[in-house]
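When reading the values below, keep in mind they use all heavy atoms of this one structure, side chains included, and skip hydrogens, waters and symmetry mates.
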Amino acid sequence: MASLNVGNLGEYLREQRRTAQLTLRQLADAAGVSNPYLSQIERGLRKPSAEILQQLAKALRISAETLYVQAGILDERDRDEAEVRSVILADPSINERQKQVLLQIYESFRKENALATDVPDDHGKSSSSTPSS
């Protein structure tokens, strides 16, 4: 898990707030936090908890996982997995059993691919490479 990157998180939050055309006070009210506290987060002076990040994400109508990645709480690959799971679980066109089967298949593919990329080559080095995003 990465360390909390408060400065970039604050800049990102400010950018998202401005994109949503919200004032600092409007976002603070919508997220249930104080105006000064939100200001301190945006300026990189405070480290918000995961719960506060979730409240801010809801108020901004963005995924909490996106803020967790920005804060260094969650790895980007973990966010991608969480988003796939959320989409599957939210799909009203498939029933619960089908959702569980899809999630099991998805997880088995992830494990299979992780094993394939971590197989040592002839020189004992891992053949995995970090994908660029």
Side-chain angles (χ1 to χ4, degrees):
M1 183 161 42
S3 63
L4 195 61
N5 195 346
V6 186
N8 288 345
L9 171 64
E11 293 168 18
Y12 181 78
L13 275 172
R14 183 179 296 120
E15 180 183 307
Q16 292 301 310
R17 177 176 59 78
R18 289 179 176 161
T19 299
Q21 298 181 337
L22 294 171
T23 65
L24 192 69
R25 186 172 308 280
Q26 288 171 325
L27 178 56
D29 289 345
V33 299
S34 73
N35 192 37
Y37 181 63
L38 179 57
S39 175
Q40 291 173 347
I41 293 170
E42 283 193 359
R43 289 181 288 138
L45 302 175
R46 289 292 190 114
K47 298 177 181 182
S49 67
E51 183 179 335
I52 297 294
L53 290 174
Q54 186 173 20
Q55 291 170 222
L56 289 167
K58 184 176 180 182
L60 289 167
R61 296 188 175 151
I62 60 176
S63 76
E65 289 81 9
T66 300
L67 290 184
Y68 297 158
V69 169
Q70 287 294 321
I73 294 173
L74 187 67
D75 186 271
E76 188 134 13
R77 289 170 292 188
D78 294 335
R79 178 194 67 181
D80 293 343
E81 178 183 357
E83 287 179 354
V84 168
R85 290 176 178 279
S86 295
V87 168
I88 291 171
L89 292 172
D91 190 334
S93 67
I94 57 178
N95 65 40
E96 288 304 312
R97 187 187 63 77
Q98 291 167 330
K99 290 175 185 180
Q100 293 307 313
V101 169
L102 268 176
L103 289 172
Q104 289 172 353
I105 292 169
Y106 174 68
E107 188 58 36
S108 71
F109 283 154
R110 285 181 51 83
K111 286 180 183 174
E112 181 180 314
N113 291 341
L115 289 174
T117 59
D118 288 334
V119 174
D121 63 16
D122 293 336
H123 304 292
K125 296 179 182 172
S126 176
S127 62
S128 67
S129 61
T130 306
S132 59
S133 19

Min side-chain heavy-atom separation Ile41-Ile52 under 4.5 Å: yes
Reported OG-to-CZ distance for the pair Ser39 and Arg14, which is rounded to 0.5 angstrom: 7.5 Å
Separation between CZ of Arg85 and CD of Glu107, rounded to the nearest 0.5 Å: 5.0 Å
Stepwise side chain to side chain contact (heavy atoms under 4.5 Å, CB included) check, Leu60 with Thr19: CA-CA 9 Å; Leu60 289 167; Thr19 299; over 6 Å; no
Nearest-0.5 Å distance, OG of residue Ser49 to CD1 of residue Ile73: 8.0 Å
Verdict with supporting geometry, Gln70 and Glu11, side chain to side chain contact (heavy atoms under 4.5 Å, CB included): CA-CA 10 Å; Gln70 287 294 321; Glu11 293 168 18; over 6 Å; no
Residue pair Asp91 / Lys99: nearest heavy atoms and the distance that separates them: O-CE, 3.1 Å
Audit row: Gln26, Arg17, side chain to side chain contact (heavy atoms under 4.5 Å, CB included) steps and yes/no: CA-CA 9 Å; Gln26 288 171 325; Arg17 177 176 59 78; over 6 Å; no
Sub-4.5 Å side-chain heavy-atom contact between Leu89 and Gln100: yes
Heavy-atom side-chain proximity of Ile88 to Val84 below 4.5 angstrom: yes
Closest heavy-atom pair and its distance - Ala59, Ala30: CB-CB, 3.7 Å
Leu13 and Leu67, any side-chain heavy atoms less than 4.5 Å apart: yes
Tyr37 side chain near Pro48 side chain, heavy-atom distance below 4.5 Å: yes
CG-CZ distance between Asn113 and Phe109, expressed to the nearest 0.5 angstrom: 8.5 Å
Ile94: which of Arg97, Gln98, Glu96 passes side-chain contact (heavy atoms from CB on, under 4.5 Å): Gln98
Atom CD of Gln54 with >12 non-hydrogen neighbours under 6.0 angstrom: no
Atom pair CG/NZ of Leu56 and Lys58 - distance to nearest 0.5 Å: 12.5 Å
Straight-line distance of Leu27 CG to Leu22 CG, nearest 0.5 Å: 6.0 Å
Stepwise side chain to side chain contact (heavy atoms under 4.5 Å, CB included) test for Leu53 and Leu9: CA-CA 10 Å; Leu53 290 174; Leu9 171 64; 3.8 Å; yes
